[in-house]
Amino acid sequence: MSLPLTEEQRKRIEENRQKALARRAEKLLAEQHQKTSLGTSVAGNLSQAKQGPSQNFPRESCKPVSHGVIFKQQNPSSSSNYDPKPHNSHSFHLSTPEQAKGIWKKPEEMTTACPGHSPPRQVALIGISPPLAQSPPEVSKQQPLGYELGQGHAQASIRYIPFANPTHEPLAKAKSSQETPACSSGQPPRDVKLEANTAKASTSRQNTSYIHSSSGSATPMPEGRLQQTLGSSLQKAAVTQKGKCVRNGDRFQVLIGYHAELLAVFKSLPSKIYDPDSKTWNFSMNDYSALMEAARSLPTVNLQPLEWADGSSESPSTSSAGQASLPSAPSLAFVKGRCILISRAYFEADISYSQDLIALFKQMDSRRYDVKTRKWSFLLEEHNKLITKARCLPQVQLDPLPTTLTLAFASQLKKTSLNLTPDVPEADLSEVDPKLVSNLMPFQRAGVNFAIAKGGRLLLADDMGLGKTIQAICIAAFYRKEWPLLVVVPSSVRFTWEQAFLRWLPSLSPDCINVVVTGKDRLTAGLVNIVSFDLLSKLEKQLKTPFKVVIIDESHFLKNSRTARCRAAMPVLKVAKRVILLSGTPATSRPAELYTQIIAVKPTFFPQFHAFGLRYCDAKRKQQQKEALILFFNRTAEAKIPSVVEYIMDLLESGKEKFLVFAHHKVVLDAVTKALKRKHVLHIRIDGSTPSAEREDLCQKFQLSQGHAVAVLSITAANMGLTFSSADLVVFAELFWNPGVLIQAEDRVHRIGQISSVGIHYLVAKGTADDYLWPLIQEKIKVLGEAGLSETNFSEMTEATDYLYKDPKQQKIYDLFQKSFEEEGNDMELLEAAESFDPGSASGTSGSSSQDMGDTPDESSLTACTQKKRRFEFFDNWDSFTSPL
Ligand SMILES: Nc1ncnc2c1ncn2[C@@H]1O[C@H](COP(=O)(O)OP(=O)(O)OP(=O)(O)O)[C@@H](O)[C@H]1O
């Protein structure tokens, strides 16, 4: 037995161990760097080389040195929606202890090993561009879709392919890995030239200790010889690299030897594909002009342009003054883009290069070309002309401005002169108190004129403190004949508003002003009624006659359509003739917050949030994901039909007399109804297309029927307001992501009047979207239960569904479902998405509100009376599906 070590000995051993580890890490790092730099050219300057190896670690080491990130930081034209994901899949990130020991991970591994937001002190990043031939890009390896919908037999055709997308690309984005023109992917234009320069700087910073030989190998040099060798090597590196572009089907290929900066350019182009066999890069024609332009900016690159069918070729010396100087080549690729309003007078064509299109643009009198963004813009009045002519170009699809905008800017579109002054007439304010009118400042007067020109419906969004109150009072006073007036304000300013009315409208007797202070006050007691948002939601039921003129102060309080205040205010605004919204901050965090306010002022502007979200909330990616999910949901419905029908028939054959069948998709409702008809089973059907007036009759017919009867009901259109207490069984042929909707549907039978125990059967199919919806519903119910908001426990009797989690990649689909269905407002959006995807599906809630049917649910009195038993039928073996009973 050895003697225990003294404290001093321990300390020394530990110090030595640390030193040895540090030496070893340094050595391994140097070796690794040598390997990965093999073939990398010297692009640095001498002074950097002299600074030694430590300079290989940039100070801002927590920032990835891949080109995409540098681009974002440096390019002022990059916008906030630019995808910050590094586009250079070759950059290596060194950040974990393993990596410090020389174990390198590819970026996709790093995503899990070390999230981008790891504490900076732990992060040391090195960006290395490995040689072209040694490390092909991952682009071509990526799985195009997270899952794939099979074409075969409907029941079993849904097949998963695990997400193998290393960069966590959105589902639908990855769909087009072959062709992703920047404009169609919603990215801002890339300044490839800038990226080339950035790459130049970055490669020079990182590779200064290594000498590139003409054979492509790299040799670490002793410090003493470094300066001399670098000198001659720099001369070698200055030799121009020659190459050419060659057509390759719809794409073009670049034949050229290794050149670090050019390689960086290649990697920055959206359509890049590396062919490991030929060791060449190829691109879509959309990237041709950008690539040529960037290549021209590299002094040591001589890239011969494409030769066209007629033997012509673009001269390498062609000036690079934007697209106007692009080669006179026929348009080879189909280009797609859209018009975007960029000011009150101008719109921009957001579309990639097409020679024909450029020629058309040049025919427009108001054309403007922005060399920075490489975009063309035109006066609105030329919009229709441009679109009409663009439609004649066979390989161009230029989408016009959306109808909403063309309607809003109709006068501008029709203008024939460049006079852009809006024609807002001077309002006749002779009926308004002179004290007020004479005190209006010129900009306030303009605001009042605008409001009256708009028929008294507007959102006045002047900055804070500019006097929105006086303008609002003036606008409202203009419509005094239509009073009583309702003024909805934050409670803290109710009396300030009273004072403002008294100040600016001396003609108004103080007795005529009613400030509502308690829930017992009358909302309509005065000629001017001032109420807080919260009291409005309590008192709105008092309203027998609608207010014709309404002012809403701080209208951003209405941003969330789910809040009680919004629910109370929106119906009031819907029926009012004049709606004066005031807010200095109409949207505080995202454009979606404007939606309810826009709808309040002009309900027809964007009747559905869906269209608004797509255009203004960057909902494209989310939308693509949702569409994939909705497609999955739709296919699930189709796949379940035969088994669902069989289950229902079995129920009937086993003697079950009356029950409800809920489904979401029209195809399922149709299939069930058809089967019941065929078997001559008495049934009713209520879906979104059933008029409100008929619903109660149908319901009664079912309630009073004797013998077999089935109510076929839409989950979203018949989940509330109806009583089917004569049945004691509910069968859910489909799941729905919102458990609240399911529980409401269950309660169609579980309500006052029910004397039996109630059975609820959920038909769940393994291998379909149910795999994800079911745990999602359980999870939601659990959360509600924990918060004391639900007594339901779906999990109690549920067969384990944890098989889903055995494959970690499959979990991501669940995550995607969860994310898409959890986000605020998504139920509504997803419902809309489902409807727009499948127009035949049972529609939302039209005509199904509880008010329509006079439904007064009293949940507390229901739960005690009868028992609800849930049963979950798992269709896990489609082929050998047998009777559930
Ligand atoms: N034309 C005017 N003549 C005299 N005082 C004015 C005039 N316009 C505004 N004011 C005064 O300026 C102050 C700010 O006006 P007001 O409260 O209406 O601003 P606001 O735009 O509603 O601001 P916020 O968005 O912060 O509510 C008030 O004291 C108001 O009386």
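Values below: every heavy atom of this structure, side chains too, minus hydrogens, waters and symmetry copies. Each residue takes its place number in the sequence, starting with 1.
For Met441, the side-chain contact (heavy atoms from CB on, under 4.5 Å) partners at least two apart in sequence or on another chain are Phe443, Gln444. A search for side-chain hydrogen bond (donor to acceptor under 3.5 Å, both in side chains) contacts involving Thr403 returns nothing, not counting sequence neighbours. In terms of the side-chain hydrogen bond (donor to acceptor under 3.5 Å, both in side chains) criterion, Asn384 has no residue partners (sequence neighbours excluded). Here Ala451 pairs with Leu458, Ile475 under the side-chain contact (heavy atoms from CB on, under 4.5 Å) rule; sequence neighbours left out. Residues forming a side-chain hydrogen bond (donor to acceptor under 3.5 Å, both in side chains) with Ser377 (at least two apart in sequence, or on another chain): Arg368. With sequence neighbours excluded, the residues satisfying side-chain hydrogen bond (donor to acceptor under 3.5 Å, both in side chains) with Asp462 are Gln471. Under the ring pair (Phe, Tyr, Trp, His ring centres under 6.0 Å) criterion, Phe347 pairs with Phe378, His383, sequence neighbours left out.
Summarising the geometry of Cys474 relative to Leu440, their closest heavy-atom pair is SG-CD1, 3.9 Å, with the distance given to 0.1 Å. Across all their heavy atoms, Ile686 and Thr690 have their closest contact at CA-OG1, 3.5 Å. Between Glu696 and Leu722 the shortest heavy-atom distance is OE1-CD2, 4.5 Å. Smallest separation of non-hydrogen atoms from Pro425 and Ala453: CD-CB, 4.2 Å. Closest of all the heavy-atom pairs between Ala717 and Asp687 is CB-C, 3.6 Å. For the pair Pro586 and Ala461, the tightest heavy-atom approach, listed with the atom from each and the gap, is CG-CB, 3.9 Å.
The distance from atom SG of Cys339 to atom CG of Asp399, rounded to the nearest 0.5 Å, is 8.0 Å. Taken to the nearest 0.5 Å, the OG atom of Ser583 stands 8.5 Å off from the CE atom of Met464. Here CG of Asn529 is found 11.5 Å from CD1 of Ile551. Values are rounded to the nearest 0.5 Å. Note that the CG atom of Leu485 and the SG atom of Cys512 stand 12.0 Å from one another [nearest 0.5 Å]. Summarising the geometry, atom CG belonging to Leu505 is positioned 5.5 Å from atom CG belonging to Leu436; distances are rounded to the nearest 0.5 Å. Between the CZ atom of Arg565 and the CE atom of Met570 there is a distance of 14.0 Å, given to the nearest 0.5 Å.
Under the 3.5 Å distance criterion, with hydrogens and angles disregarded, no donor-acceptor pair is assigned to the side chains of Asp534 and Ser532.
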Report, one line per pair, each donor and acceptor closer than 3.5 Å where one atom sits in a side chain of residues 492-503; sequence neighbours left out.
| from | atom 1 | to | atom 2 | distance (Å) |
| --- | --- | --- | --- | --- |
| Arg494 | NE | Ser491 | O | 3.0 |
| Arg494 | NH1 | Val516 | O | 2.9 |
| Trp497 | NE1 | Asp553 | OD2 | 3.0 |

Working for side-chain contact (heavy atoms from CB on, under 4.5 Å), residues Val517 and Leu535: CA-CA 8 Å; Val517 285; Leu535 280 181; 5.5 Å; no
Verdict with reasoning, Phe633 to Leu773, per side-chain contact (heavy atoms from CB on, under 4.5 Å): CA-CA 9 Å; Phe633 190 39; Leu773 288 170; 3.6 Å; yes
Arg457 and Lys602: CA distance, side-chain angles, deciding distance, side-chain contact (heavy atoms from CB on, under 4.5 Å) verdict: CA-CA 8 Å; Arg457 295 188 79 101; Lys602 197 159 179 169; over 6 Å; no
Test log, rule side-chain contact (heavy atoms from CB on, under 4.5 Å), inputs Leu558 and Leu573: CA-CA 11 Å; Leu558 303 180; Leu573 297 174; 4.0 Å; yes
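Residues Phe724 and Leu713 meet the side-chain proximity criterion, which asks for heavy atoms closer than 4.5 Å. Counting heavy atoms from C-beta outward, Asn514 and Thr524 have side chains that stay 4.5 Å or more apart. When side chains are defined from C-beta on, Pro400 does not count as touching Thr406, because their heavy atoms never get closer than 4.5 Å. Under the 4.5 Å side-chain criterion, counting only non-hydrogen atoms from C-beta, Trp504 is not in contact with Thr469. Side-chain contact between Leu380 and Leu401 is present, with heavy atoms from C-beta onward closer than 4.5 Å.
Here ring pair (Phe, Tyr, Trp, His ring centres under 6.0 Å) pairs that include residues 522-544, with residues two or more places apart or in two chains, are Phe533-Phe557. Among residues at least two apart or in separate chains, there is no salt bridge (Lys or Arg N to Asp or Glu O under 4.0 Å) pair with a member in residues 509-528. Applying the salt bridge (Lys or Arg N to Asp or Glu O under 4.0 Å) definition to pairs two or more places apart or across chains, those involving residues 436-456 are Glu426-Arg445. The list of salt bridge (Lys or Arg N to Asp or Glu O under 4.0 Å) pairs with a residue in residues 463-485, not counting sequence neighbours, reads Asp433-Arg480, Glu482-Lys577, Glu482-Arg578.
Within a 6.0 Å sphere centred on NZ of Lys435, other residues, nucleotides and ligands contribute more than 12 heavy atoms.
When atom types are taken as modelled, the side chain of Asn449 and the backbone of Ala427 share a donor-acceptor pair closer than 3.5 angstrom. Of the possible donor and acceptor atoms, one in the side chain of Tyr479 sits under 3.5 Å from a partner among the backbone N and O of Gly456. Between the side chain of Gln597 and the backbone N or O of Leu581 there is no donor-acceptor pair closer than 3.5 Å. Looking at Ser555, its side chain never comes within 3.5 Å of a backbone N or O of Ile552 through a donor-acceptor pair.
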